[in-house]
Engineer: 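Just passing along the structure, written as structure tokens.
Order of listing sets the numbers, starting from 1, for every ligand and every atom in it. Heads up: numbering here begins at 1 and tracks the sequence. Computed from a predicted structure; not experimentally measured. Computed from heavy atoms alone, side chains included, the values below leave out hydrogens, waters and symmetry copies.
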Amino acid sequence: MTLEAVRYRRGSLQILNQLLLPQRSLYLHISSVRDGWRAIREMQVRGAPAIAIVGSLSLAVELHGGKPRDKEGLATFALESLDYLVTARPTAVNMARAARELSDFVASEVKRPDSTAESFKENLISRIEAMLEKDISDNRSIGSHGAKHILSAAKTEKVIILTHCNTGSLATAGYGTALGVIRSLWSMGRLEHVYCTETRPYNQGARLTAYELVHEKIPATLIADSMVSMAMKEKGISAVVVGADRIVANGDTANKIGTYQLAIAARHHGIPFYVAGPSTSCDPALESGEQIVIEERPGEELTDVNGVRLAAPGIGVWNPAFDVTPHGLITAGIITEFGVHDPRELRKVLAEKACFKR
Ligand code: MRU
């Protein structure tokens, strides 16, 4: 049985509270945009695609069950809600992209002379629901493209993959991005082993990726982030595959803190380094990674574990949640639903696929 991080049916949204995993599987009801914003900010749901999906679905459920409004009132409510949802977390681009696309849709629907409040609501909700399906199918394509590419370069029948943070069913609408590539390799019978990092300071690897790998019975070993160079030297790693929170025009990629040092270590050891993410994680409006706003999280995420203080009282804390890997270190390619691209070619691919209207 696959993990169900998001349970949605028209008018009802529940999310698996990721702060409680792996000890407890508890679903949270999200019935408003405010609930969605809070779940994102507090990281009850996290992972770039999942943030956009849950944020947008929170709007869908509030539209469905909310107070009656005329067409203009609905449009104003939708636009204000989308702007608000974008403020929950700044680095992952997916919610901002979804907000922009949905805002464009709202603007065109509201202008249609034949649309009514009812049809407007129905069409906007359907449009949001389609994002859920699209993310899963994009992830399956990413999995398949990535697996084939890794195998075409592999010197062995089975491969060993190192990954970072959580990029699986819990971080997406389902299947996963980097973890989708791992899932594909496993289903092809070509995966020997996975090494997943603990992902300090918030332990998404130890809590969530390890949970997903155990759930899927994929052979895997947890390592501390400080062990990656040693693992690359000694464990026969075939490739490193990580996710993305924002991939900009030149291929520079923001992802979970620690990704940058992984890429440097992979380069040193001659190990192919891949970034996997759907086009919804791409932001060609930014030219280079220097322009990405990096979220800084509360110090307690570093000093405490499950509410218990480990660090010496009084010490200062710096807690950037993401870092930027320069495109030159993404040596093997960026995997999207369209294929595996040289980072320098990404801009062209996205333009060809007409992913970005503006
Ligand atoms: O802070 P988080 O847990 O939201 O960070 C998640 C990551 O950095 C993931 O690697 C990224 O969002 C890709 S998820 C498919």
Side-chain angles (χ1 to χ4, degrees), residues 3 5-6 15-19 21 39-55 88-98 131 134-136 138-143 146 162-183 196-212 225 240-247 253-263 273-283 289 292-298 301-302 319-325 330 334-337:
L3 274 175
V6 178
I15 58 159
L16 192 52
N17 183 348
Q18 298 191 25
L19 292 179
L21 288 173
I40 295 167
R41 171 69 74 121
E42 291 176 7
M43 291 175 71
Q44 288 159 329
V45 62
R46 25 68 48 209
I51 288 171
I53 283 154
V54 169
R89 292 189 74 193
T91 303
V93 73
N94 309 56
M95 186 65 237
R97 272 209 58 180
M131 291 168 58
K134 168 95 169 56
D135 189 58
I136 299 176
D138 285 351
N139 290 342
R140 289 194 176 274
S141 303
I142 288 170
L162 173 60
T163 193
H164 185 56
C165 197
N166 175 264
T167 59
S169 297
L170 295 167
T172 61
Y175 201 73
T177 56
L179 211 57
V181 175
I182 288 168
R183 258 185 242 284
C196 69
T197 61
E198 192 181 22
T199 318
R200 284 288 292 150
Y202 216 39
N203 295 307
Q204 288 92 331
R207 291 187 291 116
L208 308 175
T209 305
Y211 180 72
E212 290 202 43
D225 300 16
V240 179
V241 191
V242 300
D245 288 88
R246 192 181 290 240
I247 308 170
T253 297
N255 190 49
K256 180 51 55 193
I257 191 79
T259 303
Y260 178 29
Q261 68 191 15
L262 256 177
F273 186 92
Y274 291 89
V275 163
S279 59
T280 51
S281 299
C282 296
D283 182 7
I292 301 174
V293 175
I294 300 293
E295 176 184 9
E296 294 201 14
R297 302 278 311 169
E301 290 179 5
L302 189 68
N319 186 18
F322 303 96
D323 57 27
V324 175
T325 300
I330 305 170
I334 295 176
I335 312 165
T336 70
E337 68 271 30

Engineer: Sequence neighbours left out, what passes salt bridge (Lys or Arg N to Asp or Glu O under 4.0 Å) with Glu295? Give chain and number order.
Structural biologist: Arg89, Arg297
Engineer: For ligand 1, what N or O to protein N or O distances fall under 3.5 Å?
Structural biologist:
residue, atom, partner, partner atom, Å
ligand 1, 1 (O), Arg89, NH1, 3.4
ligand 1, 1 (O), Arg89, NH2, 2.8
ligand 1, 1 (O), Lys256, NZ, 2.7
ligand 1, 3 (O), Arg46, NE, 2.8
ligand 1, 3 (O), Arg46, NH2, 3.2
ligand 1, 3 (O), Gln204, NE2, 2.9
ligand 1, 4 (O), Gly47, N, 3.0
ligand 1, 4 (O), Arg89, NH1, 2.8
ligand 1, 8 (O), Asp245, OD1, 2.7
ligand 1, 8 (O), Asn255, OD1, 3.3
ligand 1, 8 (O), Lys256, N, 3.2
ligand 1, 10 (O), Asn255, OD1, 2.7
ligand 1, 12 (O), Ala48, N, 2.9
ligand 1, 12 (O), Asp245, OD1, 3.3
ligand 1, 12 (O), Asp245, OD2, 2.8

Engineer: Begin from the C-alpha positions of Ile335 and Val181 and carry the test side chain to side chain contact (heavy atoms under 4.5 Å, CB included) through to its verdict.
Structural biologist: CA-CA 9 Å; Ile335 312 165; Val181 175; 4.1 Å; yes
Engineer: Does the side chain of Asn319 reach to within under 4.5 Å of the side chain of Glu296, using non-hydrogen atoms?
Structural biologist: no
Engineer: Of Val242, Thr253, Val240, which meets side chain to side chain contact (heavy atoms under 4.5 Å, CB included) against Ile330?
Structural biologist: Thr253
Engineer: Under the rule for salt bridge (Lys or Arg N to Asp or Glu O under 4.0 Å), what residues qualify as partners of Asp135, not counting sequence neighbours?
Structural biologist: none
Engineer: Who pairs with Arg46 by salt bridge (Lys or Arg N to Asp or Glu O under 4.0 Å), at least two apart in sequence or on another chain?
Structural biologist: none
